[in-house]
Amino acid sequence: MKQTNQLGQRESWGSRVGFIFAATGSAVGLGNIWKFSYSVGNNGGGAFVMLYLIFAALIGFTLMLAEFAIGRRNQLATVGAIKVYDKRFSFAGFLGVIVCFLIMCFYPVVGGWAISYIPRTLGGFLSTNPEGFGLIFSDFISNPVTPLIYVGIFFAINITIGLKGIKGGIEKASTILMPVLFIILIIIAIKGLTLPGATAGLVYLFKPDFSKINGGTMLAAMGQAFFSLGIGMGTMTTYGSYINKKENLASSAAYVVGLDTLVAVLAGVALFPALFAFGLEPDAGPGLVFAAMPIVFAEMGSIGTILALLFFISLPVAAITTTLSLQEVVVAYLMDEKEMERKKATWITAIANFILCVFASLSMAGIGPKLFGVGIFDVFDLFTDRILISGACMFIAIFAAWKMGKKDLEDEITNGGQKPFGMINLWFFLLKYVLPLVILVVTISGIISGFADGYGPVMITGIIIMLATIPLSKKF
Ligand code: PHE
């Protein structure tokens, strides 16, 4: 049932700008800065960036617009919105709720790592031995206790804002935090670009080496586009359910995709020229922003400390506007489908996520339960990254195009014909035929790569979870 207030109205965004900031805040996260930068480094630079941009524009925009339309059509969050059309498909929405929940079981741990770099920078760690920065990072994440304190701080912020609801919480926080993030990244990028030797980094980032393009880079770029834009998991459907009926959905989706991509590129410009200027390797993996970037800041002298502080503020800022949306998918589901109040739904969701994050964090120290020998952090990451995210994207595309259908989608996107969308035919063609097939290939390849990396039993468990959403969605 639709959650409404005493006047029978659903919560909604206060303004178009506020909504765009909130949706951009959801999309822009650690995926744009932490994951994007090390994925660029691991996949050979410019070729990956080029593929990423193409996929973001074609696949990302197409699916995001579909999600906004699904959510706003009946002003219901992801499960309810789908159920109205066909109960048999409600598993597609339910899968999104599960994926958001699972991402919330490890993403805040990385958010906590990021927060920890604020006091560390203030404590003057940059003036210690740069050779040891990698060690500081690995010692910290493998310490059983300290990271938990920062996970706790991360959740405290998330709950406080989440409890305030859509307009007074999520929208307000995003409207303040998003501009802060942009400004910080621009400042760091300008500094990086003015360093001698910085052009090598720009060449690395923007000059595609076509010999680097293969099946693996294409899949990595597409997976990065799904994750970084945060599509298919119901966040955009849920946020869409709070948009008023007058807004232009197509231009909103274009803004969000454009801004999300801009932040990823900006993060690349903030990082790579500086890394190259100081002769550092771009392929340091997940430790790139935590272990390699401090070396860059340390080399810059006193201004480096200020820039490092800004940079390590920007990471949790990006993370929190994202986790607010992930939490909101589960909360809105409980509110719409289980008729729970926001307060109760928020606490239940956050406590469950926090407990699982504790296990994920402890697994970094080699403590706690494992699944088939794999630590909990990696299990959640593998489930979502290799199977469930692309699986959810595929089912949402199929539902929208084949069940909801062109007539309703067009009516919703054009506001009943008042705001024509010139590319509707091309858009619908992509959604109906191209996306399901392409995403199917990504999903199968993700599963195969999981097996190839030796995670067979974890992959099988992930597939079982995906299939289990079909009967479970009927029960819950
Ligand atoms: N897009 C977010 C990021 O880049 C992650 C995310 C995934 C958000 C799934 C919503 C849904 O960090």
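FYI, the numbering just counts along the sequence from 1. When a ligand or atom number is given, it counts from 1 through the structure's own listing order.
- Numbered from 1 in the order shown, with element, the atoms of ligand 1 that lie under 4.0 Å from a heavy atom of A27 read 1 (N), 2 (C), 3 (C), 4 (O).
- Proximity to G31 (heavy-atom distance under 4.0 Å) selects the following atoms of ligand 1: 3 (C), 4 (O), 12 (O).
- By the criterion of a heavy-atom distance under 4.0 Å, the side chain of I103, and not its backbone, is placed next to ligand 1.
- Residue M233 approaches ligand 1 through these ligand atoms, each under 4.0 Å from one of its heavy atoms: 9 (C), 11 (C).
- In this structure, the protein non-hydrogen atom closest to atom 7 (C) of ligand 1 is F227 O, 3.6 Å.
- Remark: aromatic rings of W13 and Y239 are close, center separation under 6.0 Å.
- With ligand atoms numbered from 1 in the order given, ligand 1 contributes 1 (N), 2 (C), 8 (C) to contacts under 4.0 Å with heavy atoms of S26.
- Of all the atoms in ligand 1, the ones that sit under 4.0 Å from a non-hydrogen atom of S228 are 1 (N), 4 (O).
- Nearest protein heavy-atom neighbour of atom 8 (C) of ligand 1: T322 CG2, 3.6 Å.
- Within the 4.0 Å heavy-atom criterion, neither part of V99 lies near ligand 1.
- Centroid-to-centroid, the aromatic rings of Y38 and W34 come within less than 6.0 Å.
- Residue K432 places its NZ atom among more than 12 non-hydrogen atoms of other residues, nucleotides or ligands, all under 6.0 Å distant.
- In this structure, F36 falls outside the shell of residues with a heavy atom less than 4.0 angstrom from ligand 1.
- Geometric assessment of R120 against the ring of F140 yields a positive cation-pi assignment under the 6.0 Å and 45° thresholds.
- In terms of polar-atom proximity, defined here as any N/O pair under 3.5 Å, L30 does make such a contact with ligand 1.
- In this structure, the protein non-hydrogen atom closest to atom 12 (O) of ligand 1 is Y107 OH, 2.5 Å.
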As a quick check of understanding, evaluate salt bridge (charged side-chain N to carboxylate O under 4.0 Å, His left out) for E247 and R72, giving each step before the final call. CA-CA 10 Å; E247 296 305 351; R72 195 181 64 171; over 6 Å; no
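- A donor-acceptor pair is defined here as one N or O able to donate and one able to accept, closer than 3.5 Å; such a pair exists between the side chain of D260 and the backbone of V28.
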Assess whether ring pair (Phe, Tyr, Trp, His ring centres under 6.0 Å) is satisfied between F36 and Y52, documenting all intermediate values. CA-CA 10 Å; F36 179 76; Y52 170 76; 5.3 Å; yes
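- Remark: ligand 1 atoms within the under-4.0 Å shell around heavy atoms of N32 are 4 (O).
- Taking the six-membered ring wherever Trp is involved, the centroid distance between the rings of F297 and F133 does not fall below 6.0 Å.
- Ring-centre distance between Y242 and F19: not below the 6.0 Å cut-off.
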